[in-house]
Each structure stands twice: as structure tokens, then as C-alpha cells.
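These notes concern the structure reproduced below.
Just so you know, ligand 1 is whichever comes first in the structure, and atom 1 is the first atom listed for that ligand.
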Amino acid sequence: MTRYLQHSSHWGSFTAAQVDGRLVIQPNPEDPDPSPLLGNIPASLDHPARLRRPLVRRGWLEDGPGPDSRRGHDDYVEMDWPEVIDLVAAELRRLGARPGADPACAGRHVFGGSYGWSSAGRFHHAQSQVHRFLNTVFGGYVRSVESYSTAAGTVILSYVLGDTNVLTRDHPYWEEVATQTELLLTFGGLPLRNTQVSGGGNSLHIARQGLQRAAQRGCRFVSVSPLRDDFVAGLGAEWIAPRPGTDVALMLALAWHVATSGRIDRDHLARYTSGYELFEPYLLGASDGQPKDFAWAAEITRLSVPVIAELAEAICAKKTLININYALQRQTNGEQPVWMALTLAAMLGQTGEPGAGFAYGLGSIGNNGKSALGVPLPTFPQGRNGISDFIPVSRVADLLLRPGETYTYKGQTRTYADIRLVYWAGGNPFHHHQDLRRLREAFARPDTVIVHETATTATTRHADIVLPATTTAEREDIGAGANDPFLYAMERLAASVGEARDDYDIFAEIADRLGCRDEFTEGLDARGWLARMYEPTRKALADKGRAAPDFDGFWQRRKLDLPARTTLGRIASFHADPAAAPLPTESGRIVIGSETIARHGGESFPPHPAWRGAGEWLGDARAAEFPLQLIANQPATRLHSQLDYGDYSQDSKINGHEPIRLNPADAVRRAIAEGDIVRVFNARGAVLAGARLSEDVAPGIVQLSTGAWYSPDSEGNCLHGNPNVLTPDIGASPLSQGCVGQLALVEIEPHKI
Ligand code: PGD
């Protein structure tokens with residue numbers, strides 16, 4: 001009988017076996033709503049895109065390290081492992097790597113931010129591996145902070161509420177929504193496609209059930225989004241589609257009604273917040289002559305006054321949970337919608353109330369809204385980074401293009417380092433970064449770019465040395481994710497593809513050549529690390545009187561239950577006793593107004609939430625030339641760009657192009673029919689995509705998800721449909737410098753062959 005082996009991914013746990021040479025996947029039988037993304041995994045073992053041999057760029061090999069605009073255009077020479085390891089070791093040595101290297105002279109020229117989701121598995125997590133390696137051989141590296149997922153939101157919340165990870169992973173919102181919420185007002189909808197995935201593991205997909213239970217109880221859902229299907233169909237959700245980027249104006253009008261109709265909870269504000277007095281004059285128009293009333297908001301959002309007024313009254317009358325999705329802060333001035341949603345919830349006096357108040361990112365990622373765990377998860381130690389220098393993660397092109405120049409971040413004036421080596425493993429910047437033609441210029445600057453990858457992505461085609469890495473299916477690991485109630489043995493499902501090696505083994509070999517193998521490995525192989533990393537979790541389970549077998553016992557059982565935390569979460573503790581459990585903010589309370597934030601945000605940053613526009617939005621002057629709002633959101637058929645070659649993702653393509661959705665009225669006006677190949681363009685470049693006409697997309701909007709592999713033509717335009725050719729590479733504000741990849745202005749026309 002075929003033995004199915006246990007495994008796990010960012011989008012679900014499963015068992016798998018090879019049947020007739022192809023991986024057959026069985027989703028976790030306990031999962032109420034398994035993700036169809038599992039259908040992308042089988043291709044990972046046999047697809048031609050898999051890297052099978054080490055590659056070195058011809059120009060680098062022949063002419064040596066140095067800035068080179070041939071990156072992205074050059075061809076590659078295959079190499080044997082011993083030879084390529086020697087080559088990498090020699091180049092790292094030239095750049096200053098050695099045992100006990102002095103961080104002051106070596107690592108400060110190395111960018112090891114290496115952002116990316118990589119794949120599930122606590123040990124083979126590629127970013128942790130590269131960090132430990134660079135700490136070992138260079139003594140440190142220039143790192144990155146924040147994430148492409150949530151930077152503007154995380155930064156503003158760090159001032160006004162606290163640590164985002166603690167907040168978003170600390171609340172059993174799904175249970176509360178299912179049992180208590182009366183009105184769920186959700187900005188950015190609540191797209192189940194995003195709840196499919198969660199970093200490290202997501203074995204129970206409970207969002208759909210939570211919403212269904214709430215609907216059965218009579219909960220009202222209002223989804224504010226340009227896309228109707230950002231909320232699951234069939235539950236009677238109302239769809240409100242303001243112009244994208246104008247949600248703050250809508251929230252302000254709701255707040256104006258709360259304040260002027262006498263429903264404001266001043267006791268709640270006094271007990272739990274600070275700085276409302278800075279905000280109210282702006283809200284009521286005393287400071288700028290403009291009350292943020294319904295008519296004002298209707299003009300900006302293009303919603304009707306009755307729609308806004310009805311919603312304003314409803315939130316005052318019901319137990320209301322105001323949820324704000326990550327997408328809303330991935331925009332210019334992305335701090336404002338997050339800050340304003342929190343402010344509105346506080347004015348209603350509902351923060352801290354189960355099933356009500358403020359939620360961030362419910363529907364942005366699978367495990368937000370589940371109960372936090374009561375035991376620690378296994379972690380791979382990354383060592384000590386002796387370099388204090390960092391960039392906000394989405395400033396990577398600026399880092400490479402503008403060495404020595406200054407920028408601001410959280411009130412600091414910082415200087416971009418002079419980077420000679422870029423080392424990347426487990427990420428695909430030519431998928432995730434904005435303005436990809438500019439990123440190409442940036443990647444031409446360093447002396448050397450080294451990438452470990454499982455497949456030939458656009459990032460490997462801009463690297464000098466490409467080292468083929470195994471996927472999780474080809475190695476053993478421990479699978480677990482925040483708020484996920486299981487720990488899994490990830491058994492090896494298949495032999496390595498071609499000559500691919502585990503990132504750990506690659507780093508251990510290079511460290512060996514540099515004379516510091518033992519510092520990197522501590523004498524352990526992968527199994528040895530898994531056993532060591534498992535121990536703190538085992539001990540914590542034992543301390544709680546739970547099943548806690550030794551490592552071999554765990555491996556045989558293949559799965560362990562992890563208990564949820566039983567103590568109060570951060571927000572609940574604060575609301576229970578704000579003096580005893582203050583928030584980590586300047587006042588110890590929720591911050592609605594603050595001169596510190598205004599100072600840190602630079603000249604035009606307001607001391608309270610405010611409507612400041614959204615960069616490339618339909619009210620901007622640039623809309624005259626590029627009149628359509630591009631929503632470059634997360635894809636439904638893959639995680640980011642991962643396994644875009646997989647069957648489930650490929651089935652969604654139109655003649656090999658990524659689908660772009662638009663309203664039929666906009667299509668007719670441009671003589672575009674269903675299935676046509678279209679050219680989407682703006683001043684930054686152009687991409688080809690396949691047209692899908694849909695009434696679920698509001699007029700004036702086009703939606704092209706991220707993750708189609710960047711396939712540049714000679715101009716750097718994308719033949720496949722990666723929207724990041726079109727999105728702006730600027731920081732959300734001088735405060736956060738967050739990614740603004742969600743919105744851009746574009747035009748679209750039939751593609752002429
Ligand atoms: P992934 O496609 O997950 O994208 O950006 P990210 O770089 O994380 O890339 C991971 C890569 O790791 C894949 O190429 C995969 O093959 C490789 N990999 C997987 N496992 C391993 C391994 O074990 N070893 C090695 N060496 N490699 C491995 C995601 C980022 O994109 C994120 S988080 C967000 S939220 C952003 N979202 C948007 C957006 O909404 N709009 C736009 N326009 N742009 C975005 N970009 C951001």
C-alpha cells in the first residue's frame with residue numbers, strides 16, 4: 001500500500017506520496033476549507049523551471065566582479081558544485097569574509113536583507129539561513145526592517161497601539177465575529193484568497209466558517225472595496241465601492257457623525273486614549289474651515305450622501321468591528337487609514353470589547369484572528385549581527401542606486417550604505433518590488449549578486465552566481481506557524497531535483513572553505529538541528545502537562561497538538577486595567593493625536609489621522625492621462641510568485657498571460673473583449689495581460705494580481721503580466737517608507753501584434 005508522508009506548507013498541511021512519478025496530495029482531513037493552492041505543489045518536483053545545476057553569469061565569469069548592466073540580459077555557464085563553492089568563497093574572501101571578520105570593514109558593504117517568504121519549515125527557512133551565514137562569515141550585514149506586507153501600518157501602530165505582531169496574532173477574532181459581532185465593517189473587504197496562506201503553516205482554514213456562523217446569527221457585513229468579490233459571495237454582504245484610496249475620507253465622515261450626533265464615548269476616550277483634542281478641531285473643521293461631513297466625503301469618495309449617512313448611523317447603533325486590511329496601508333499615506341480606523345473604533349467606545357472595536361488584517365493572512373499559542377515554536381538561531389545599519393525593506397532600489405544619500409525613517413535621518421555584495425535566498429525581488437525597470441538599474445550596481453533559488457526566476461536572471469536549492473518536498477523539517485495549533489514533522493517526500501542542495505548544506509560548504517564550518521553548523525547536521533530546535537517546545541508542552549514525546553517520538557507521531565494561550569491578550573489586558581497593563585505608546589494608551597508623530601513624520605505629517613490623498617488615485621492630476629486605477633493585489637491562485645508554474649496557477653492564465661479584470665463598461669469603451677490580450681501601461685512601462693470582464697470590478701478599476709513571473713522584453717516591459725512594472729517605487733511617507741505597490745494609475749488598450 002502507498003505510504004502517504006506528512007508535510008506542510010504556508011497554505012496548509014497535507015500528506016503526499018509519489019504515484020506513477022507524480023506527487024499526489026491529500027489535504028489535512030481536519031481542515032474545514034483546504035486551499036486549492038495545494039494543487040501547485042506537484043509541479044515543483046518535475047517542472048523545467050526548476051534549477052538543476054549551479055550557474056554563473058558569463059560576463060561575471062569572464063570580466064570579474066563589478067557593476068554591470070548586462071545583468072538580466074546575459075547568459076549563464078553551468079558549473080560543478082566544488083568549483084562554484086570555491087568561486088563563491090573566493091569572492092566572499094575578496095569582500096572581507098573570514099573567521100571572526102571585523103564587521104566594521106566587511107559586512108557593512110553586504111546587503112543581506114534577503115526579503116521573501118521562502119517556504120514553510122522552521123529550520124530550512126532560507127532567510128534565517130542566509131542571516132546566520134552572513135553573521136558567521138562577515139560578522140554581520142546590512143539588514144532590512146518591516147515587510148512588504150505591512151510597513152506603513154506597522155509603523156503607525158507602533159506609535160499609536162503597539163507591536164503589530166502581538167496585536168494581530170493575539171486575538172481570537174474569528175470566534176468573536178462568529179458569536180458576537182453585529183456589524184462587520186471591513187475596509188478592503190475580507191478576501192478569503194488571502195486567508196489561504198500564513199507564514200510557516202496554516203492547517204485549519206476557519207475564516208469561511210467564522211463568517212458563515214456570523215451570518216446565520218444575523219450579523220451585517222459591509223465590505224468597502226473596489227472589488228465585490230473581496231468578500232465571500234452568498235452571505236448577503238453589502239458592497240460599497242468608494243474610489244480606491246479614499247477610505248480615510250469615508251471614515252472621517254463616519255467619525256464626524258459620531259461626534260456631532262452626540263454618540264461619541266468621551267469616557268472611553270478619556271480612559272483609553274490620548275490626543276483626541278488634537279484631532280477634533282480638524283474633524284469638525286475648526287482648524288481648517290472644512291467639517292469632514294457627509295457632503296465633503298461624498299465628493300472625495302464618489303459615494304452618495306445617503307449611503308454614508310446610513311452607515312454612520314448603523315455603526316453607532318450596533319456592536320461594530322471595524323477591520324482594516326493590509327492592502328489599505330500599501331499605498332501612499334498608508335498610515336492614515338489604519339490610524340483613522342482605530343480612532344473611529346475608539347470614538348464609538350468599542351475598542352477592547354469582544355467582537356467589536358478595531359481589527360487589523362483580518363482577512364489579510366490566514367492566522368490573524370486565531371488564538372495565540374501557549375508554547376514557543378522551534379526557531380533557528382541566526383547569530384549576532386554586528387552591523388547596526390538597516391533599510392526599511394522596500395527601499396532596496398534606493399539603497400543600491402543612492403549610496404551615501406540620506407532618507408528619513410521614524411524621525412531618524414539615515415544614510416544609504418555602499419553595497420558591493422547582494423546575497424539573496426528565499427525571496428523574489430523581481431516579483432515583489434515596485435517599478436521593476438528601476439530595480440534592474442539598481443541590480444546593475446553591486447560588484448556581485450548571489451542568489452539561492454529553487455527555480456529560474458527573474459531574480460536568478462539578474463544574479464551573477466545562482467545556486468540551486470531544494471524545495472521543502474526534498475528535505476526534512478518541522479512545520480509550524482504562529483496561531484496554528486499543530487506541530488508537524490515535514491517528512492522528505494522525494495529525492496533532490498537535479499543537483500539541488502539544501503540552503504543549509506550550501507552555506508555549510510562555503511563556510512567550510514572560509515574556515516568557519518563549525519561556527520556555522522555547531523557540528524550538527526539538519527536532523528541534529530531539528531532535534532535541538534524541538535527541545536524548547538517539548539519542554540514547554542511538558543511543563544503544561546501536555547503530550548511531549550522526545551524528538552524521535554514526535555517524528556514517529558508526525559503531528560503534535562499545541563495548546564492555545566489561556567491568559568488575556570495585550571489589548572484585552574489593557575482594557576481590563578489601563579494603568580496596570582499600559583500599551584507601549586507614549587501615553588500608555590491608544591494615541592489619537594501626537595506631536596511626536598508629526599515631528600517624526602516630517603514637515604507635512606499631521607499630528608492626528610487625516611485625509612491626505614493616496615498618491616496615484618483617481619482624484620490625482622495624473623488620472624487625466626492614465627484614467628484607470630490599477631489594483632495590484634494578492635493573487636488567488638498562488639502565494640505571491642511561488643509556484644506560478646504550478647497547475648492551479650497556470651489554469652488561470654489567458655494564452656499564457658496573467659488575467660487582468662475590468663468592468664465591461666470600461667472594456668467596451670476601449671474595444672476590449674473577454675479573453676483579448678491587452679497592453680496595460682503608464683509612464684513607468686507596460687505589461688501584457690489577458691482581459692477578463694467582470695461586474696465584480698467597479699467602473700474605473702482594473703485588477704491585476706501580483707506574482708506573474710516577470711518576463712521582460714528588451715525594454716524591461718513584461719510580456720507575462722507582472723503589475724510591478726507599473727507600480728511606484730516610493731515610500732508611503734517619510735515616517736514609514738512602506739511599500740505602496742497596491743495602487744497605480746494606468747491606461748489599457750488592445751494589444752496590437
Ligand atoms: P515569493 O513569491 O513568496 O515573494 O514577496 P516574496 O519575495 O516573498 O518569493 C519567495 C521565493 O522563495 C520564491 O521565488 C521561491 O521559489 C523561493 N523559495 C522557496 N523556498 C525556498 C527555499 O527553501 N530556498 C530558497 N533558496 N528559495 C526558496 C512577497 C511580497 O510581495 C509581499 S510579502 C507582499 S505583501 C507584497 N505585496 C504586493 C502587493 O500587494 N502589490 C504589489 N504591487 N507588490 C507586492 N509585493 C510584495
Side-chain angles (χ1 to χ4, degrees), residues 9-11 40 44 47 49-51 113-121 123-130 144 146-151 153 188 191 194 197 199 325-331 334 361 364-365 393-394 396 423-436 439 450-460 463 466-475 477 490 500-507 630-635 638-646 649 687 703-710 722-729 738-744:
S9 70
H10 294 309
W11 47 93
N40 284 330
S44 68
H47 197 273
R50 278 299 300 274
L51 282 160
S114 187
Y115 182 82
W117 265 58
S118 178
S119 27
F123 171 64
H124 290 290
H125 181 243
Q127 208 183 116
S128 304
Q129 293 282 346
V130 75
S144 58
E146 314 298 351
S147 68
Y148 279 81
S149 299
T150 155
N194 293 345
V197 303
N325 245 318
Y326 291 175
L328 269 86
Q329 50 82 59
R330 219 173 288 135
Q331 306 174 358
S364 298
I365 198 158
V393 67
S394 64
V396 59
Y423 208 128
W424 220 292
N428 187 0
F430 280 90
H431 141 64
H432 68 228
H433 195 64
Q434 286 59 60
D435 198 348
L436 291 178
L439 187 66
I450 304 177
V451 171
H452 296 196
E453 246 297 349
T454 63
T456 319
T457 64
T459 300
T460 67
V466 181
L467 303 178
T470 52
T471 66
T472 67
E474 298 144 67
R475 59 200 188 208
D477 214 324
M490 292 170 67
R501 288 189 180 179
D502 298 352
D503 293 298
Y504 178 68
D505 292 340
I506 300 171
F507 285 130
L630 170 69
I631 306 287
N633 60 357
Q634 302 293 338
R638 58 190 169 254
L639 165 60
H640 304 313
S641 72
Q642 293 200 28
L643 305 177
D644 186 29
Y645 55 72
S649 184
V687 309
Q703 179 247 321
L704 178 63
S705 292
T706 60
W709 284 12
Y710 177 48
N722 185 321
N724 275 328
V725 173
L726 306 164
T727 52
D729 181 13
C739 157
V740 301
Q742 191 72 189
L743 297 184

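- When only interatomic distances are considered, the shortest N/O to N/O separation between Q742 and ligand 1 falls below 3.5 Å.
- The protein heavy atom nearest to atom 8 (O) of ligand 1 is W117 N, 2.6 Å.
- Although no hydrogens or angles enter the test, the distance criterion places no donor-acceptor pair under 3.5 Å between the side chain of S118 and the main chain of H125.
- The contact set between ligand 1 and G426, taken as ligand atoms under 4.0 Å from a residue heavy atom, comprises 10 (C), 11 (C), 12 (O), 25 (C), 26 (N), 27 (N), 28 (C).
- The main-chain N or O of S641 is found under 3.5 Å from a side-chain atom of W709 such that the two form a donor-acceptor pair.
- Here T470 has backbone heavy atoms under 4.0 Å from ligand 1, and that is the only part of it that gets that close.
- Within the 4.0 Å heavy-atom shell around ligand 1 one finds Y115.
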request  = For I631 and Q742, run side-chain contact (heavy atoms from CB on, under 4.5 Å): C-alpha distance rounded to whole Å, both residues' side-chain angles, the deciding distance at 0.1 Å, then the answer.
outcome  = CA-CA 6 Å; I631 306 287; Q742 191 72 189; 3.8 Å; yes
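- Atoms of ligand 1 found under 4.0 Å from any heavy atom of G741, numbered from 1 in the order shown, are 41 (N), 42 (C), 43 (N).
- For ligand 1, the atoms closer than 4.0 angstrom to any heavy atom of T454 are 16 (O), 21 (C), 28 (C).
- Between N633 and ligand 1, no pair of N/O atoms sits closer than 3.5 Å.
- The shortest distance between side-chain heavy atoms of T457 and V451 does not fall below 4.5 Å.
- Considering only non-hydrogen atoms, atom 35 (S) of ligand 1 lies nearest to Q634 out of H125, R638, Q634.
- Side-chain atoms of Q329 come within 3.5 Å of backbone N or O of S149 as a donor-acceptor pair.
- When only non-hydrogen protein atoms are considered, atom 22 (C) of ligand 1 lies nearest to D503 OD2, 3.6 Å.
- Within the structure, the closest approach of P723 to ligand 1 does not fall below 4.0 Å when heavy atoms are considered.
- The nearest heavy-atom contact from the protein to atom 42 (C) of ligand 1 is T706 CG2, 3.2 Å.
- Counted by atom type alone, S364 and N194 present zero donor-acceptor pairs between their side chains at under 3.5 Å.
- Heavy-atom proximity to atom 45 (C) of ligand 1, evaluated over E453, H432, Q127, is greatest for H432.
- When hydrogens are left out, the protein atom nearest atom 3 (O) of ligand 1 is Q642 NE2, 2.9 Å; that is the closest non-hydrogen contact.
- Between the side chain of N722 and the backbone N or O of A708 there is at least one donor-acceptor pair closer than 3.5 Å.
- Here the shortest heavy-atom distance to atom 39 (C) of ligand 1, taken over G116, S705, P429, A632, belongs to A632.
- At a heavy-atom cutoff of 4.0 Å, ligand 1 is contacted by the side chain of H431 but not by its backbone.
- Side-chain N or O atoms of Y148 include none that pairs as donor or acceptor with a backbone N or O of H432 at under 3.5 Å.
- In terms of polar-atom proximity, defined here as any N/O pair under 3.5 Å, A455 makes no such contact with ligand 1.
- Within the structure, the closest approach of Q129 to ligand 1 does not fall below 4.0 Å when heavy atoms are considered.
- The shortest contact between atom 40 (O) of ligand 1 and any protein heavy atom is with R330 NH1, 2.6 Å.
- No N or O atom of Y148 sits closer than 3.5 Å to an N or O atom of ligand 1.
- Side-chain atoms of R475 come within 3.5 Å of backbone atoms of T470 as a donor-acceptor pair (strictly under, hydrogens ignored).
- A donor-acceptor pair under 3.5 Å links the side-chain atoms of D477 to the main chain of F123, judged by distance alone.
- With hydrogens and angles ignored, the 3.5 Å screen pairs no side-chain donor or acceptor of D502 with any backbone N or O of H124.
- Interatomic distance, T706 OG1 to Q634 CD, rounded to the nearest 0.5 Å: 4.5 Å.
- The closest heavy-atom contact to atom 43 (N) of ligand 1, among the options N722, T727, N724, comes from N724.
- Remark: minimum distance from atom 20 (N) of ligand 1 to any protein heavy atom is reached at S119 OG, 2.6 Å.
- Residue-to-ligand polar distances keep S149 apart from ligand 1: every N/O pair is separated by 3.5 Å or more.
- Taking only nitrogen or oxygen atoms, main chain and side chain alike, R475 reaches within less than 3.5 Å of ligand 1.
- When N724, T459, D729 are each tested for a side-chain hydrogen bond (donor to acceptor under 3.5 Å, both in side chains) with H433, only one passes: D729.
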task = Go through the steps for H452 and F507 under the test ring-ring contact (aromatic ring centres under 6.0 Å, His included), then give the verdict.
result = CA-CA 10 Å; H452 296 196; F507 285 130; 4.5 Å; yes
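- Between H452 and ligand 1, at least one N/O pair is under 3.5 Å apart.
- Using modelled atom types and a 3.5 Å distance limit, the side chains of S144 and E146 yield no donor-acceptor pair.
- Of the candidates S118, C739, S641, the one placing a heavy atom closest to atom 2 (O) of ligand 1 is S641.
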